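Here's the structure, in C-alpha cells; my notes come after.
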Amino acid sequence: VQLQASGGGLVQPGGSLRLSCAASGFDLDSYHVGWFRQAPGKEREAVSCVSSFSGGVTFYRDSVKGRFTMSRDKGKNMIVLQMNSLNVDDTAVYYCAAALRRVVITTTTCSGDFSSRGQGTQVTVSS
C-alpha cells in the first residue's frame, strides 16, 4: 500500500494549486481518504476527507470551505485537492491518507486511524 502526494509549491496569496495523490497496490475507491496538513509548530489537522461509500460524505474544515475541492479520479486511482484563493495560513506540508475502517467522516468531522499515509508535499503561500 503506497500513496504519493505531489503538486505542492510556492504560490502568492490568492493563487491556486492542485495536489494529487496517487495510490499503488490497492484500490483507492474502497478506502476512506483524506488530505491533512501540518504547519511548523502546529498539530496535524484534517483539511478534507471523503468516505468510501457510494455517495460518500465529504468533510472540509471551516477555513477551507468554498476554496478547496476534493475529488476522486477513479480512472487513475488518485485523489485530488484543488486549492484556490490560497492564503498564508494554508502554508504547510500536505499529506494524503487512506483507511479501510476505524475512521469517522461526517460533514463536520474527520478523525480516526488513517494509517496509510504518503509522503507529504510542501505548500508555501507567500508574497
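Treat the numbers as computed from the prediction; the structure is a model and nothing was measured.
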Report task. Please check if W35 and V11 belong to a single hydrophobic cluster, counting links between Ile, Leu, Val, Met, Phe, Trp and Tyr side chain heavy atoms closer than 4.5 Å. Result -> yes
Report task. Return each pair, listed once, that meets salt bridge (Lys or Arg N to Asp or Glu O under 4.0 Å) where at least one residue sits in residues 6-17; pairs must be two or more places apart or across chains. Result -> none
Requested in this report: Output every pair passing salt bridge (Lys or Arg N to Asp or Glu O under 4.0 Å) with a member in residues 117-127, not counting sequence neighbours, ordered by first then second residue.
Outcome: none
Requested in this report: Determine, stepwise, if the pair V123 / T91 fulfils side-chain contact (heavy atoms from CB on, under 4.5 Å).
Outcome: CA-CA 5 Å; V123 172; T91 296; 5.8 Å; no
Query - Side-chain heavy-atom pair I79, L81 within 4.5 angstrom cut-off - result: no
Using distance only, find each side-chain donor-acceptor pair of residues 38-50 under 3.5 Å and give its atom names and separation, not counting sequence neighbours.
{"unit_1": "Q38", "atom_1": "NE2", "unit_2": "K42", "atom_2": "O", "d": "3.1"}
{"unit_1": "E45", "atom_1": "OE1", "unit_2": "R61", "atom_2": "NH2", "d": "3.4"}
{"unit_1": "E45", "atom_1": "OE2", "unit_2": "R37", "atom_2": "NE", "d": "2.7"}
{"unit_1": "E45", "atom_1": "OE2", "unit_2": "R37", "atom_2": "NH2", "d": "3.1"}
{"unit_1": "S48", "atom_1": "OG", "unit_2": "F59", "atom_2": "O", "d": "3.0"}

Report task. Would you mind listing every ring pair (Phe, Tyr, Trp, His ring centres under 6.0 Å) that reaches into residues 78-116, with sequence neighbours excluded? Result -> F36-F114
Report task. Apply side chain to side chain donor-acceptor pair (under 3.5 Å) to T108 and list each qualifying residue two or more places apart in sequence or on a separate chain. Result -> T106
Query raised in the report: Hey, does the side chain of T121 reach the backbone of S6 with a donor-acceptor pair shorter than 3.5 angstrom?
Result: no
**Report entry** N/O donor-acceptor pair under 3.5 Å between S51 side chain and G56 backbone
**Finding:** no
Query raised in the report: Do you know which two heavy atoms are closest between V33 and R72, and how far apart they sit?
Result: CG2-NH2, 3.7 Å
Query raised in the report: Of all residues at least two apart in sequence or in a different chain, which pass the side-chain contact (heavy atoms from CB on, under 4.5 Å) check with L10?
Result: T124, S126
Query - ILVMFWY cluster membership beyond V88 - transitive side-chain contacts under 4.5 angstrom - result: none
Please table the atom pairs, donor to acceptor, closer than 3.5 Å between any side-chain atom in residues 63-70 and protein atoms at least two apart or in another chain.
{"unit_1": "K65", "atom_1": "NZ", "unit_2": "D62", "atom_2": "OD1", "d": "3.1"}
{"unit_1": "R67", "atom_1": "NE", "unit_2": "S63", "atom_2": "O", "d": "3.3"}
{"unit_1": "R67", "atom_1": "NH1", "unit_2": "S85", "atom_2": "O", "d": "2.9"}
{"unit_1": "R67", "atom_1": "NH1", "unit_2": "D90", "atom_2": "OD2", "d": "2.8"}
{"unit_1": "R67", "atom_1": "NH2", "unit_2": "S63", "atom_2": "O", "d": "2.7"}
{"unit_1": "R67", "atom_1": "NH2", "unit_2": "D90", "atom_2": "OD1", "d": "3.0"}
{"unit_1": "R67", "atom_1": "NH2", "unit_2": "D90", "atom_2": "OD2", "d": "3.4"}

Query raised in the report: To the nearest 0.5 Å, how far apart are OG in S115 and OH in Y31?
Result: 8.0 Å
Query raised in the report: With sequence neighbours excluded, what pairs up with D113 under the salt bridge (Lys or Arg N to Asp or Glu O under 4.0 Å) test?
Result: R102
Query - Donor-acceptor under 3.5 Å (H32 side chain, A99 main chain) - result: no
With a cut-off of 3.5 Å and sequence neighbours excluded, list every side-chain donor-acceptor pair involving residues 13-29.
{"unit_1": "S16", "atom_1": "OG", "unit_2": "N84", "atom_2": "OD1", "d": "2.9"}
{"unit_1": "D27", "atom_1": "OD1", "unit_2": "D29", "atom_2": "N", "d": "3.1"}

Report task. Quick one: list whatever passes side chain to side chain donor-acceptor pair (under 3.5 Å) with T109, sequence neighbours left out. Result -> none
**Report entry** Over 12 foreign heavy atoms within 6.0 Å of CD, Q119
**Finding:** no
